Amino acid sequence: MPSTMIAAVVEKLGQPLVMRELPIPAPRRGEILVKTEACGVCHTDLHAAKGDWPVKPHVPFVPGHEGIGRVIAVGEGVTTVKEGDRVGVPWLYSACGHCEFCRKGWETQCDSAEYGGYTRNGGFAEYILAAAGYVAHIPERIDPLQAAPIVCAGITTYKGVKETEARPGEWIAISGIGGLGHLAVQYAKAMGLHVAAIDVDDGKLAHAKTLGADLVFNAKQGDPAAALKKEIGGGAHGVLITAPSIPAFHQGIAMTRKLGTCVLVGLPPGDFPTPLFDVVLNRITIRGSLVGTRQDMVEALSFAAEGAVKADIELAPLSGINTVLDRLEHGQVPSRVVLDLRNGVQAQAANA
Ligand code: NAD
Ligand code: ZN
Ligand code: ZN
């Protein structure tokens with residue numbers, strides 16, 4: 001086995017990633033080493049590389065939290081994963097297992113959680129070190145390239161749809177039909193909801209229609225909340241905002257029906273004013289949602305294994321990461337780009 005690997009590294013926030021040769025980490029107690037087959041590129045990787053959020057990542061770091069691969073080495077004490085298993089290394093890299101939130105089955109809120117591709121090196125690399133207890137177990141029926149987006153975009157939107165508390169037969173409005181949103185539409189349909197899709201790009205909306213959206217609205221062409229209410233009256237029972245855009249949040253509250261829940265998932269930097277009168281008078285719940293628990297991961301993956309949800313992916317080499325991030329920033333990625341590392345990246349690095 002080689003001793004070094006190629007990784008795409010953020011060395012300075014706001015600067016392009018750099019292809020570097022790094023030592024391959026050795027798994028310690030409770031850890032495993034994964035040989036990367038694929039890693040999806042999430043808009044969060046862009047926020048991370050730019051340092052968009054109040055808690056900045058420490059440079060240098062390797063982004064990527066949709067990494068999929070085979071386990072090639074296990075550390076001491078690992079009993080739940082074995083060599084050869086296919087796993088995913090998610091945003092929730094690890095949690096303590098003991099704090100109030102872990103005890104309650106809300107390990108996503110753990111006080112000492114680590115985040116893949118943020119506080120720990122992630123999947124934009126040939127090998128990934130992972131915490132055995134927190135990896136996703138990828139069913140063999142799912143292609144590894146297909147599995148990658150499920151490990152963040154899939155789990156996050158599956159959980160987000162559940163967090164709206166919309167019931168089968170009710171309406172959900174999904175704002176932002178990119179990597180997250182195109183899976184959200186499919187989860188919502190599979191869960192028996194009527195779906196209204198909102199984006200600022202007609203191509204994304206046409207795609208949403210093919211995925212089963214019942215109504216689509218372009219937020220650049222008039223007020224999408226007014227248009228939605230005109231169609232279905234009263235607004236959507238659940239609203240899920242994945243758009244990395246502040247105006248989408250105002251619109252999301254305005255789309256929420258009386259008694260409804262508006263779930264915030266997109267993470268553009270900044271704040272938005274809350275219309276108190278509308279929220280109070282209409283008894284609206286505004287709720288944040290962060291990825292999902294290990295149980296949510298099992299459930300999100302099982303929809304994919306059954307074929308009820310399928311990511312639309314475009315492949316790119318690891319060396320193309322800066323182009324992918326640039327396209328993501330400008331809304332030019334149709335759904336999800338997955339970095340294909342099945343044949344290694346040595347040749348790519350030499351050309352980079
Ligand atoms: P993406 O770039 O693939 O998709 C974003 C979509 O939003 C695009 O289709 C874009 O056209 C659309 N959009 C932009 N402005 C809009 C507006 N005003 N109204 C409606 N749609 C608009 O990004 P992604 O990978 O899907 O991630 C989306 C956001 O979700 C990011 O901010 C990311 O950090 C965040 N995220 C949060 C979690 C979580 O756990 N809460 C998990 C993953 C990603
Ligand atoms: Zn993500
Ligand atoms: Zn904890």
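Quantities reported herein were computed from a predicted structural model and do not represent experimental measurements. Atoms within a ligand are numbered from 1 in the order they appear, just like the ligands themselves. For the single chain, residues carry numbers from 1 onward in sequence order. These numbers come from the heavy atoms of this one structure, side chains and all, not from hydrogens, waters or symmetry mates.
- At a threshold of 2.8 Å, the Zn ion (ligand 3) has no backbone or side-chain N, O or S atom of His98 nearer than that distance.
- If you check each of Val200, Ile246, Ile155, Asp201 against atom 17 (C) of ligand 1, the one with the closest non-hydrogen atom is Val200.
- Of the N or O atoms in Gly181, none lie within a sub-3.5 Å distance of an N or O in ligand 1.
- For the atom pair OH (Tyr134) and OG1 (Thr80), the distance works out to 10.5 Å, reported to the nearest 0.5 Å.
- Among protein heavy atoms, the minimum distance from atom 25 (O) of ligand 1 is reached at Arg336 NH1, 2.7 Å.
- Salt-bridge check for Arg20 with Glu126: failed, with every basic side-chain N at 4.0 Å or more from each acidic carboxylate O.
- Neither Ile321 nor Ile68 shares a network with the other; the hydrophobic side chains, linked directly or stepwise wherever heavy atoms of I, L, V, M, F, W or Y lie under 4.5 Å apart, form separate groups for each.
- Of all heavy-atom pairs spanning Ala125 and Val62, the tightest one is CB-CG1, 4.1 Å.
- When all heavy atoms of Leu228 and Ala236 are compared, the pair lying nearest together is CD2-N, 4.0 Å.
- Against a heavy-atom cut-off of under 4.0 Å, Gly179 is close to the following atoms of ligand 1: 1 (P), 3 (O), 4 (O), 26 (O).
- For the pair Asp199 and ligand 1, the shortest N or O to N or O distance falls below 3.5 Å.
- Rounded to 10°, the angle formed at the Zn ion (ligand 3) by Cys110 SG and Cys99 SG is 110°.
- Under a 4.0 Å criterion applied to the non-hydrogen atoms of Thr156, ligand 1 contributes the atoms 38 (C), 39 (C), 40 (O), 42 (C).
- The Zn ion (ligand 2) has no N, O or S atom of His43 under 2.8 Å away, backbone or side chain.
- The pair Glu165-Arg287 counts as a salt bridge, with a side-chain nitrogen and a carboxylate oxygen less than 4.0 angstrom apart.
- Ring-plane geometry between Tyr115 and Tyr118 is classed as perpendicular, the angle between the planes exceeding 60 degrees on a 0 to 90 degree scale with a lower cut at 30.
- Annotation: angle subtended at the Zn ion (ligand 2) by Cys152 SG and His65 NE2 is 110°, to 10°.
- The shortest N/O to N/O separation between Val265 and ligand 1 falls below 3.5 Å.
- The aromatic rings of Phe249 and Phe272 are tilted relative to each other, their planes meeting at an angle between 30° and 60°.
- Scanning all protein heavy atoms for the shortest distance to atom 43 (C) of ligand 1 gives Cys152 SG, 3.4 Å.
- Checked by distance only, ligand 1 and Leu267 come closer than 3.5 Å through their nitrogen or oxygen atoms.
- The shortest separation from a heavy atom of Ala153 to ligand 1 is not under 4.0 Å, leaving the residue out of contact.
- Closest protein heavy atom to atom 30 (O) of ligand 1: Gly266 CA, 3.5 Å.
- In terms of N/O distances under 3.5 Å, ligand 1 is not approached by Gln251.
- A salt bridge is absent between Glu163 and Lys159; no separation between the charged side-chain nitrogens and carboxylate oxygens falls under 4.0 Å.
- A donor-acceptor pair shorter than 3.5 Å can be found between the side chains of Asp45 and His65.
- Under a 4.0 Å criterion applied to the non-hydrogen atoms of Lys204, ligand 1 contributes the atoms 8 (C), 9 (O), 11 (O).
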With side chain to side chain contact (heavy atoms under 4.5 Å, CB included) as the criterion, how do Lys189 and Gln186 come out once you've worked through the C-alpha distance, each side chain's angles and the decisive distance to 0.1 Å? CA-CA 5 Å; Lys189 288 310 294 180; Gln186 297 179 57; 5.9 Å; no
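- Distances from ligand 1 to the non-hydrogen atoms of Leu328 include at least one value under 4.0 Å.
- Within the 4.0 Å heavy-atom shell around ligand 1 one does not find Pro247.
- Under the 3.5 Å distance criterion, with hydrogens and angles disregarded, no donor-acceptor pair is assigned to the side chains of Thr323 and Asp326.
- Residue contacts with ligand 1 leave out Lys159, since none of its heavy atoms falls under 4.0 Å from the ligand.
- Electrostatic pairing of Lys220 and Asp199 does not count as a salt bridge here, judged by no charged N lying under 4.0 Å from a carboxylate O.
- A salt bridge links Glu76 with Arg29: at least one charged nitrogen is closer than 4.0 Å to a carboxylate oxygen.
- Residue, atom and distance of the protein heavy atom nearest to atom 22 (C) of ligand 1 are Ala243 CB, 3.5 Å.
- The protein heavy-atom contact nearest to atom 18 (N) of ligand 1 is Ser245 OG, 3.0 Å.
- Ligand-side atoms of ligand 1 in range of Thr44: 33 (C), 34 (O), 35 (C), 36 (N), 43 (C), 44 (C), range being under 4.0 angstrom from any heavy atom.
- Here's the thing with Val291: one of its N/O atoms is less than 3.5 angstrom from an N/O atom of ligand 1.
- Heavy-atom neighbours of Lys310 NZ from other residues, nucleotides or ligands within 6.0 Å: at or below the threshold of 12.
- At a 4.0 Å heavy-atom cut-off, ligand 1 touches His43 through backbone and side chain alike.
- For Gly331, the heavy-atom gap to ligand 1 stays at 4.0 angstrom or more.
- Residue-level proximity to ligand 1 for Ile177 is carried by the backbone, the only part with a heavy atom below 4.0 angstrom.
- The pair Glu314-Arg327 meets the salt-bridge criterion, since a charged nitrogen lies less than 4.0 angstrom from a carboxylate oxygen.
- The residues Glu66 and Arg336 are annotated as salt-bridged, a charged nitrogen and a carboxylate oxygen being separated by less than 4.0 angstrom.
- Counting only heavy atoms of the protein, atom 6 (C) of ligand 1 lies nearest to Gly178 N, 3.7 Å.
- By the 3.5 Å distance cut-off applied to N or O atoms, Leu290 is not counted among the residues near ligand 1.
- For atom 26 (O) of ligand 1, the nearest non-hydrogen atom of the protein is Leu180 N, 2.8 Å.
- Of the protein's heavy atoms, Thr242 O, 3.1 Å lies nearest to atom 29 (C) of ligand 1.
- No salt bridge links Arg257 with Glu170; every basic N to acidic carboxylate O contact stays at or beyond 4.0 Å.
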